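In this chain, residues are counted from 1 in sequence order. Predicted model, so just to flag it, every value in this text is computed and none were measured.
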Amino acid sequence: MKKTLITLLIFAVVLAVLLGAAYLAERYVGAGETAEPEPTAAPAIANALNETGAVTITLSGTEAHISGVGATAADGVVTIVYPGTYRVTGALTEGQLLVNCGDYDGAVYIILDGADISCSDGPALYVAQADETVIVLAEGTESILRDGADYTIQEGQSQQAGAAIYSADELVIQGDGSLTVIGRTADGIRSKDGLTIEAGSLSVTAADDGIQGSDHVTVTGGAVTVLSGGDGVHTTEGDVTISGGSLTVTSGGDGIDAAAQVCVTGGMLDITAGSGPENYAAIALADASAKGMKGAEVLIADGTVTISAADDGLHGDAVTVTGGTVTIATGDDALRADGTVTVTGGIVTVTESYEALEGAEAVLSGGTLTLAADTNGMDIGTGGLKISGGSVALTAARPVTVDGEVLLVAGEVYLTATGEEAPMEFGSIVVTGATLAVFANVDDAVFQEGGTVPGSLLFTLPAAAEAGTTLTLADAAGRELLALTTEESCISVLIASGALAQGQSYTLTAGDTSLTGTLSADCTVVSYEAAYAAASGEMWVGGAMDASMEMGASREMGASGEMPAGGAPAAR
């Protein structure tokens with residue numbers, strides 16, 4: 001009994017000493033000392049942001065002072081070893097903030113409260129291991145993170161160029177403050193897992209990619225500005241999703257490049273890739289990629305997207321626009337899909353392009369498209385072009401080139417050809433309920449070299465109608481069916497519509513000229529020369545003109561059969 005009592009007393013004394021030592025170790029921690037408890041005695045740290053109970057890390061030169069439990073500081077490296085909330089203030093002129101929580105569960109919250117960290121031989125913030133790391137930008141503060149130049153990070157058996165912020169696990173950025181990230185070796189921010197930006201003002205400058213994630217890059221809010229030598233935003237495996245906030249990218253490579261899908265459902269995006277359209281030749285010569293958005297699929301459902309790119313504007317296996325406002329200027333193709341280009345809604349404006357829309361197939365069922373191209377407006381493969389709604393106004397050297405069928409079911413299609421070739425080329429074309437109007441500066445023979453539009457009226461004017469001229473189409477009763485305004489000068493106008501009926505007479509008026517013709521099942525050619533020849537009984541090269549083509553009232557012949565004031569028909 002006595003021995004047992006003595007043993008218990010000794011055990012109590014030892015326990016008291018150990019507890020006292022642990023208390024002192026926690027209470028008195030200075031710069032360069034550790035506040036790390038033994039792993040078997042890890043404190044219970046909340047798995048949510050706890051600003052009031054945050055561990056404070058105060059940076060000063062090459063040292064750090066830690067107030068609280070869960071981090072260590074030695075040789076300029078501050079290491080966070082347990083999940084929890086940490087507030088970082090001050091400047092570390094040569095050092096690193098390292099997160100390495102091993103197998104401990106929970107998120108690490110790093111509140112950047114006016115922190116300034118520079119690291120010459122690695123990332124300024126390096127997350128080696130954590131379930132999730134959340135960077136919280138303290139309201140009203142500005143923080144800066146910079147890495148060094150020409151260093152590598154050892155990961156397994158490979159070495160990889162680093163980033164100013166480098167995370168091996170999930171990374172989130174939030175808060176109402178500001179953060180400047182400068183990546184001098186390669187990337188600005190890189191996550192080997194996923195990256196989400198929820199809020200804050202974020203400015204990223206990088207030698208290579210501005211923002212890179214593996215599984216995903218997601219922007220739901222905040223104001224993000226990226227200046228990069230490589231891609232602006234890049235994923236190696238997953239999606240890039242933008243649902244809110246603003247993203248401004250100036251990139252040497254692609255503005256956004258996703259291994260999987262680029263999906264925009266909100267927010268404002270302003271992308272300049274490869275110095276814009278005027279730099280196309282240099283990008284092509286270098287065999288580089290400087291596209292606005294590139295992915296296996298590019299989907300824009302909402303938001304405002306403005307792109308100025310040396311290379312394609314939107315590029316993917318599939319490109320889909322269902323809503324939002326999209327404005328593109330590019331040195332190459334504006335909307336380019338290896339498969340299908342689909343537009344069901346939204347406003348799409350292409351101000352400059354080599355080809356406005358290119359794909360194996362195009363399906364347009366809604367939205368408003370205003371497109372401009374130097375060569376082909378729409379260059380579509382064997383899948384064909386189907387338009388069943390919306391409106392298309394397209395100006396190009398040759399507005400439509402389609403290897404397969406063109407099917408116009410509904411909607412309005414206005415094509416202006418600026419070249420000297422046939423304005424359209426297609427395998428076949430059917431116009432049912434849609435309205436098609438084509439303006440060109442070539443005569444009716446050249447106009448039809450690319451194909452004949454069944455059930456259409458092709459009017460050839462005596463002289464070119466200047467840009468801005470209003471043209472009207474009326475039925476035999478004088479009811480106005482269409483009023484069109486020319487974008488460029490034109491001498492030939494083709495109109496086809498499901499609202500027109502075979503055997504009925506229609507009159508096109510352009511300024512002082514009116515031409516009348518009767519719609520047939522084929523392409524009905526109505527020309528001023530034909531009307532003059534029919535009225536005067538003269539023969540023209542190519543044979544007698546169709547007597548059903550009558551001259552409009554404003555160009556009627558006098559009783560003598562002579563031309564009225566204005567002279568003979570313009571020679572072409």
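- For the 3.5 Å distance criterion, the side chains of Thr330 and Glu352 fail to qualify, holding no donor opposite an acceptor.
- Atoms OG1 and CG, from Thr93 and Leu59 in turn, are 9.5 Å apart once rounded to the nearest 0.5 Å.
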Under the criterion side-chain contact (heavy atoms from CB on, under 4.5 Å), I'd like the reasoning laid out for Leu145 against Thr180: C-alpha separation, chi angles, the key distance, then a yes or no. CA-CA 6 Å; Leu145 300 178; Thr180 297; over 6 Å; no
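- Side-chain N or O atoms of Asp209 include none that pairs as donor or acceptor with a backbone N or O of Gln212 at under 3.5 Å.
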Begin from the C-alpha positions of Gln96 and Val78 and carry the test side-chain contact (heavy atoms from CB on, under 4.5 Å) through to its verdict. CA-CA 6 Å; Gln96 183 181 75; Val78 179; over 6 Å; no
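- Between Asp311 and Lys294 no salt bridge is recorded (no basic side-chain N to carboxylate O distance below 4.0 Å).
- Looking only at distances, no side-chain donor or acceptor of Thr272 sits under 3.5 Å from a matching main-chain atom of Ser275.
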Under 3.5 Å, which donor-acceptor pairs link side chains of residues 260-270 to any protein atom two or more places apart or in another chain?
| residue | atom | partner | partner atom | Å |
| --- | --- | --- | --- | --- |
| Gln261 | NE2 | Glu297 | OE1 | 3.1 |

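- Side chains of Asp231 and Ser251: no donor on one and acceptor on the other come within 3.5 Å.
- The distance from atom CD1 of Ile173 to atom OG of Ser201, rounded to the nearest 0.5 Å, is 11.5 Å.
- For Asp150, the CG atom counts as loosely surrounded, since its 6.0 Å shell holds 12 or fewer non-hydrogen atoms of other residues, nucleotides or ligands.
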Apply side-chain hydrogen bond (donor to acceptor under 3.5 Å, both in side chains) to Asp113 and Thr89, showing your working. CA-CA 5 Å; Asp113 188 353; Thr89 63; over 6 Å; no
Give the C-alpha distance, both sets of side-chain angles, the deciding distance and a yes or no for side-chain contact (heavy atoms from CB on, under 4.5 Å) between Val217 and Thr196. CA-CA 6 Å; Val217 172; Thr196 301; over 6 Å; no
Take Thr349 and Leu371, measure what side-chain contact (heavy atoms from CB on, under 4.5 Å) needs, and give me the verdict at the end. CA-CA 6 Å; Thr349 303; Leu371 313 175; over 6 Å; no
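- The CD1 atom of Ile189 sits 5.0 Å away from the CD1 atom of Ile211 when rounded to the nearest 0.5 Å.
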Enumerate donor-acceptor pairs with a distance under 3.5 Å from any side-chain N or O in residues 122-142 to protein atoms, sequence neighbours excluded.
| residue | atom | partner | partner atom | Å |
| --- | --- | --- | --- | --- |
| Gln129 | NE2 | Gly102 | O | 3.2 |
| Asp131 | OD2 | Gly106 | N | 2.8 |
| Thr141 | OG1 | Ala138 | O | 2.6 |

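- A donor-acceptor pair under 3.5 Å is absent between the side-chain atoms of Asp312 and the main chain of Asp332, judged by distance alone.
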Contacts under 3.5 angstrom, residues 354-370 side chains, donor-acceptor by atom type, not counting sequence neighbours:
| residue | atom | partner | partner atom | Å |
| --- | --- | --- | --- | --- |
| Glu355 | OE2 | Asn376 | ND2 | 3.0 |
| Glu361 | OE1 | Thr340 | OG1 | 2.9 |

Please report the C-alpha distance between Ser191 and Glu170 in whole Å, then the side-chain angles of each, then the deciding distance to 0.1 Å, and finally whether the side-chain hydrogen bond (donor to acceptor under 3.5 Å, both in side chains) criterion is met. CA-CA 7 Å; Ser191 171; Glu170 192 74 20; 5.7 Å; no
Apply the test side-chain hydrogen bond (donor to acceptor under 3.5 Å, both in side chains) to residues Arg87 and Thr56: give CA-CA distance (whole Å), side-chain angles for both, the deciding distance (0.1 Å), then the verdict. CA-CA 5 Å; Arg87 183 180 297 273; Thr56 300; 5.7 Å; no
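- At most 12 heavy atoms of other shown residues, nucleotides or ligands fall within 6.0 angstrom of atom CD in Glu487.
- In this structure, the side chain of Ser60 does not engage the main chain of Glu63 through any donor-acceptor pair within 3.5 Å.
- In this structure, CG in Leu179 is found 8.5 Å from OG in Ser203, a value given to the nearest 0.5 Å.
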